[in-house]
Amino acid sequence: MKRSIARSAIVSAGLIGLVAAAGAEQTLQRDDIAHPASRIDLRNLNDAVKQIQQGQEIFRRDTFGDEAFWGETLRLHEAIAGRANGGVGPGLSPKAALALGLKVDVAALPSRLRNDLQGGKVDLDSPATTLALLKLDAVVGVRGFFDDSGRRLRSIGITCALCHSTVDNAFAPGIGRRLDGWAARDLNVGEIIALAPNVQPLVDLLSIVDPTIDAATVRTVLRSWGPGKFDAELLMDGKAFRPDGKPAATLLPPAFGLAGVNLHTWTGWGSVTHWNGFVANLEMQGQGTFFDPRLNDSIKFPIAARAGFGDVRRTPDLVTEKLAPLHLYQLSLPAPRAPRGSFNVAAAKRGKEVFEDRANCARCHVPPLFTEPGWNMHRPDEIGIDGFQAERSPDEHYRTAPLKGLWTHGKGGYYHDGRFATLEDVVDHYNRHFALGLSSMEKADLVQYLKSL
């Protein structure tokens, strides 16, 4: 953790240096106009940088006290440790964990361990190695809590980074430098939860809408999600499957490029910080305060209404004071630029003209946000799809998804549920729905432009 804080300080040294000039007034430059910066300006800037650093730490490592649920209640840590290490069952080896989409932060690994990994001297089939990685705080988005001896895993918690970070695979597949804000499209959330020895709390909630449900059925539902998907509404409305029989889970969205974007999720719900509070309290099962009386609708949200999710107040509150810095950190994450060579530059230039003119994509995906400023929502019929997922949200609309960084999260498909496998499929859909009459070349150029964003 100390290494991480040091790295954060280095990253923001330029801004901190601006602020650290011992009370003297400084000059901030914008183009050719000089603006003297007052002490208040510098103090505000310094405070913002500190909050962003704090937010990074929260995003990566804060469980909001959710280990009380994932560990003490579901006993997920016992399944990870395995029988040989004081838990139950075979345990979760690093090889199996990587196969489930969990990632390892190479910066958390001592140099000797890195050398041993490269030399094939580390047993990746042993759950004991997984425990060692947890002790190093090296598993992205997962925190292990050990007893006083440091040998026995006594609980487990999760952080925001579990679903909204990945790594660059610089060291090995699944092992590399953190990429915060990226959608964890390799992560099989449902399969991981299904490992828990005790899923009775989920059974109890879902029995509100289906009194016959049992643990085996809950595990079947969880395992139906597949990699890169999660069903945030399942414990609100109990709808595990769509009318066509496919899982109701949706793709994990990125958490970067959200500055200037109003609504955060596929179907709106609320702002970025509203969703942070929703997830920290109701999905991660943290210990905090959350208020959204829309969840009191017993017709739309029968489980949430019965369970009182519209007004949650736990003591001590381990969430609320962290929402501001967490929000600032997320807003500071830019959408990553498309790598050179990943798209055809000339075609993308032509595609930009199609985007802004013939196809009129820019009417909703307004540059440079690539979503609408304001209430960026549309009815299902406006975009030519069914309303199942929209109807699971308070406003029953779909959000205009920001397009920057689109190239990072194509795995699993496009739209909220991955119904379109490729960008070509997305373009074909809109070409039909709006009767655009785009030629094959125009469609191909438009795809290259989308890849370039």
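In what follows, residues are counted from 1 in the order of the sequence shown.
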Query raised in the report: Can any side-chain N or O of R185 pair as donor or acceptor with the backbone N or O of G412 at less than 3.5 Å?
Result: no
Report task. Please report the shortest heavy-atom distance between I158 and M284, naming the atom on each side. Result -> O-CE, 3.3 Å
Query - Nearest-0.5 Å distance, NZ of residue K50 to CG of residue L328 - result: 14.5 Å
Query raised in the report: Any luck finding a side-chain donor-acceptor pair between T159 and D62 under 3.5 Å?
Result: no
**Report entry** Residue pair T422 / D425, side-chain donor-acceptor N/O under 3.5 Å
**Finding:** yes
Requested in this report: Could you tell me whether R313 atom CZ has more than 12 heavy atoms of other residues or ligands within 6.0 Å of it?
Outcome: yes
Report task. Fit a plane to each ring of F301 and W269, take the angle between them on a 0 to 90° scale, and name the class: parallel (under 30°), tilted (30 to 60°) or perpendicular (over 60°). Result -> tilted
Query - N169 side chain to G174 backbone, donor-acceptor under 3.5 Å - result: yes
Report task. Kindly indicate, with the supporting measurements, whether the criterion side-chain contact (heavy atoms from CB on, under 4.5 Å) is fulfilled by N281 and F64. Result -> CA-CA 8 Å; N281 286 283; F64 308 113; over 6 Å; no
Query - Residue that, paired with D137, satisfies salt bridge (Lys or Arg N to Asp or Glu O under 4.0 Å) out of R60, R178, R143 - result: R143
Requested in this report: For L202 and V221, run side-chain contact (heavy atoms from CB on, under 4.5 Å): C-alpha distance rounded to whole Å, both residues' side-chain angles, the deciding distance at 0.1 Å, then the answer.
Outcome: CA-CA 11 Å; L202 306 182; V221 170; over 6 Å; no
Query raised in the report: Should E396 and K300 count as an ion pair when the cut-off is N to O under 4.0 Å?
Result: yes
Query raised in the report: Do H429 and I385 have side chains that get closer than 4.5 Å, going by heavy atoms?
Result: yes
Report task. Describe, in one word, how the ring planes of Y415 and F420 are oriented to each other, choosing from parallel (under 30°), tilted (30 to 60°) and perpendicular (over 60°). Result -> perpendicular
Query raised in the report: For the side chain of R219 and the backbone of A196, is there at least one donor-acceptor N/O pair under 3.5 Å apart?
Result: yes
Query raised in the report: Taking the side chain as C-beta and beyond, is there a heavy-atom pair between V140 and T166 under 4.5 Å?
Result: no
**Report entry** Identified side-chain contact (heavy atoms from CB on, under 4.5 Å) partner of L423 from the options L446, V447, D428
**Finding:** V447
Query raised in the report: How long is the gap from CZ on R419 to CG on L251, to the nearest 0.5 Å?
Result: 11.0 Å
Query raised in the report: Do S393 and D395 get their side chains close enough for a donor-acceptor pair, meaning under 3.5 Å?
Result: no
Query raised in the report: Does the side chain of L234 reach to within under 4.5 Å of the side chain of W225, using non-hydrogen atoms?
Result: yes
Query raised in the report: How many angstroms lie between atom CG of L179 and atom NE2 of H164, to the nearest 0.5 angstrom?
Result: 15.0 Å
Query raised in the report: Are F171 and Q118 side-chain neighbours, meaning at least one heavy-atom pair lies under 4.5 Å?
Result: yes
Report task. Answer yes or no: is there a donor N or O on one side and an acceptor on the other, between the side chain of T265 and the main chain of G268, under 3.5 Å? Result -> yes
Query - Stepwise side-chain contact (heavy atoms from CB on, under 4.5 Å) test for F388 and D417 - result: CA-CA 11 Å; F388 171 74; D417 54 10; over 6 Å; no
Query raised in the report: Just wondering, do L92 and I192 contact through their side chains at under 4.5 Å, heavy atoms?
Result: no
Report task. Write down the atom of Y398, the atom of D386, and the distance for their closest heavy-atom approach. Result -> OH-O, 2.9 Å
Query raised in the report: Within a radius of less than 6.0 Å around CZ of R294, do more than 12 heavy atoms belonging to other residues, nucleotides or ligands occur?
Result: yes
Query raised in the report: Would V261 and N376 satisfy side-chain contact (heavy atoms from CB on, under 4.5 Å), going step by step from the backbone distance to the final call?
Result: CA-CA 8 Å; V261 176; N376 49 338; 4.1 Å; yes
Query - 4.5 Å side-chain heavy-atom contact, C163 and L187 - result: yes
Query - Separation between CZ of F278 and OG of S271, rounded to the nearest 0.5 Å - result: 13.0 Å
Query raised in the report: Can you say whether the rings of H264 and W275 are parallel (under 30°), tilted (30 to 60°) or perpendicular (over 60°)?
Result: perpendicular
Query - Residues which pass salt bridge (charged side-chain N to carboxylate O under 4.0 Å, His left out) with E283, listed by chain and number, not counting sequence neighbours - result: none
Report task. Check the pair D125, K95 against salt bridge (Lys or Arg N to Asp or Glu O under 4.0 Å), reporting the backbone distance first and the verdict last. Result -> CA-CA 6 Å; D125 291 309; K95 188 177 291 184; 3.2 Å; yes
Query raised in the report: Any side-chain heavy atom of F69 within less than 4.5 Å of one from P201?
Result: yes
Report summary line: d(L117 CG, L124 CG) to nearest 0.5 Å is 6.5 Å
Requested in this report: Side-chain contact test, heavy atoms from C-beta onward, threshold under 4.5 Å: evaluate it for F145 versus H77 and give yes or no.
Outcome: no
Query - Under 3.5 Å: donor-acceptor pair, side chain of K135, backbone of G150 - result: yes
Query raised in the report: Around R242, counting heavy atoms of other residues, nucleotides and ligands shown, do more than 12 lie under 6.0 Å from its CZ?
Result: yes
Query raised in the report: Between K103 and D105, does at least one N-O distance fall below 4.0 Å, as a salt bridge requires?
Result: no
Query raised in the report: Would one find more than 12 heavy atoms of other residues, nucleotides or ligands at under 6.0 Å from atom CZ of R223?
Result: yes
Query raised in the report: For S111, does its backbone N or O pair with a side-chain atom of N115 as donor and acceptor, under 3.5 Å?
Result: yes
Query raised in the report: Would a distance-only check, ignoring hydrogens and angles, find a side-chain to backbone donor-acceptor pair under 3.5 Å from Q448 to N344?
Result: yes
Query raised in the report: Nearest heavy-atom pair of F309 and L295: which atoms, and what distance?
Result: O-CD1, 3.7 Å
Query raised in the report: Do we see a donor-acceptor contact under 3.5 Å between the side chains of N276 and T273?
Result: no
Query raised in the report: Do side-chain atoms of D66 reach the backbone of G157 as a donor and acceptor pair under 3.5 angstrom?
Result: no
Report summary line: Closest non-hydrogen contact found for I156 with W70 is O-CB, 3.6 Å
Query raised in the report: Minimum heavy-atom separation for E372 to M377, with atom names?
Result: OE1-N, 4.5 Å
Query raised in the report: Do the two ring centres, one from F290 and one from H274, sit under 6.0 Å apart?
Result: yes
Query raised in the report: Any chance the side chains of T289 and D317 put a donor and an acceptor closer than 3.5 Å?
Result: yes
Query - Heavy atoms of other groups near D244 CG, more than 12 under 6.0 Å - result: yes
Query raised in the report: Taking H365 for the side chain and A401 for the main chain, is one N or O donor matched with an acceptor at less than 3.5 Å?
Result: yes
Report task. With rounding to the nearest 0.5 Å, note down the distance linking CZ in F146 to CZ in R154. Result -> 10.0 Å
Query raised in the report: Any idea which heavy atoms bring F59 and G181 closest together, and the distance?
Result: CZ-N, 4.0 Å
Query raised in the report: Checking W182 side chain against P336 main chain: does a donor-acceptor pair fall under 3.5 Å?
Result: no
Query raised in the report: Going through the distances and angles, do D231 and R392 end up as a salt bridge (Lys or Arg N to Asp or Glu O under 4.0 Å)?
Result: CA-CA 11 Å; D231 191 348; R392 302 178 76 193; 3.1 Å; yes
